[in-house]
Amino acid sequence: MKSNSEIKSFESENEARILLEESRKRIDEIDNALFDLISQRTSLAKDIALSKEYLGMPVYDENREKEVHRKIEKFAEDNNLDVDVIDQIVNLLTILNKNEQKEILRRNVNGQY
Ligand SMILES: O=C(O)C(=O)C[C@]1(C(=O)O)C=C[C@@H](O)C=C1
């Protein structure tokens, strides 16, 4: 099968169907890897929350979020990705992390750790 950068037209319907299926299979593999990384990223919330609690720091850290966004925006520009969409994805990841931190601190207050 030619790489997708070379294909300009399909020789048959079957060829197009095969490429579609192969592409979807690859997306499934990448999605699984992404979900695993999101899970790993979110699981750090416990250590972060408890460290911040000990240091008297709030869950929300504006400077750190700006740093995360700057890093990701450069990645998006370097890879010709829509910066606004990538920014939204990063926002959701930080929201996921903050929500997990708040839940961990709530359980900690209730002596569940
Ligand atoms: O690094 C931290 O201080 C975190 O709490 C992690 C994180 C993030 O998800 O990247 C989440 C919330 C903060 O506002 C900043 C960043």
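When reading the values below, keep in mind they use all heavy atoms of this one structure, side chains included, and skip hydrogens, waters and symmetry mates.
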Would you find a donor on one side and an acceptor on the other, under 3.5 Å apart, between the side chain of [X] and the backbone of [Y]?
X     : Y     : result
Thr42 : Ile38 : yes
Asn32 : Asp28 : yes
Lys52 : Val59 : yes

Answer with yes or no whether the hydrophobic clustering places [X] together with [Y]; edges join I, L, V, M, F, W, Y residues whose side-chain heavy atoms lie under 4.5 Å apart.
X     : Y      : result
Ile48 : Leu105 : no
Ile89 : Ile72  : yes
Val90 : Phe75  : yes
Leu93 : Ile95  : no
Leu81 : Val68  : yes

Check: Is a salt bridge present between Arg70 and Glu73, judged by a nitrogen-to-oxygen distance below 4.0 Å?
Finding: no

Next item on the list: Using the side chain to side chain contact (heavy atoms under 4.5 Å, CB included) rule, take Leu20 and Arg24 through it: C-alpha gap first, then chi angles, then the decisive distance, then the call.
Entry: CA-CA 6 Å; Leu20 175 60; Arg24 285 176 172 174; 3.6 Å; yes

For [X], does the [atom1] atom sit with more than 12 other heavy atoms under 6.0 Å from it, leaving out its own atoms?
X     : atom1 : answer
Arg41 : CZ    : yes
Tyr60 : OH    : yes
Glu13 : CD    : no

Margin query: When you compare the side chains of Glu103 and Asn99, does any donor N or O come within less than 3.5 Å of an acceptor on the partner?
Written below: no

Next item on the list: Would you please test Asn91 and Asp87 for side chain to side chain contact (heavy atoms under 4.5 Å, CB included) and show each step?
Entry: CA-CA 6 Å; Asn91 249 354; Asp87 248 354; over 6 Å; no

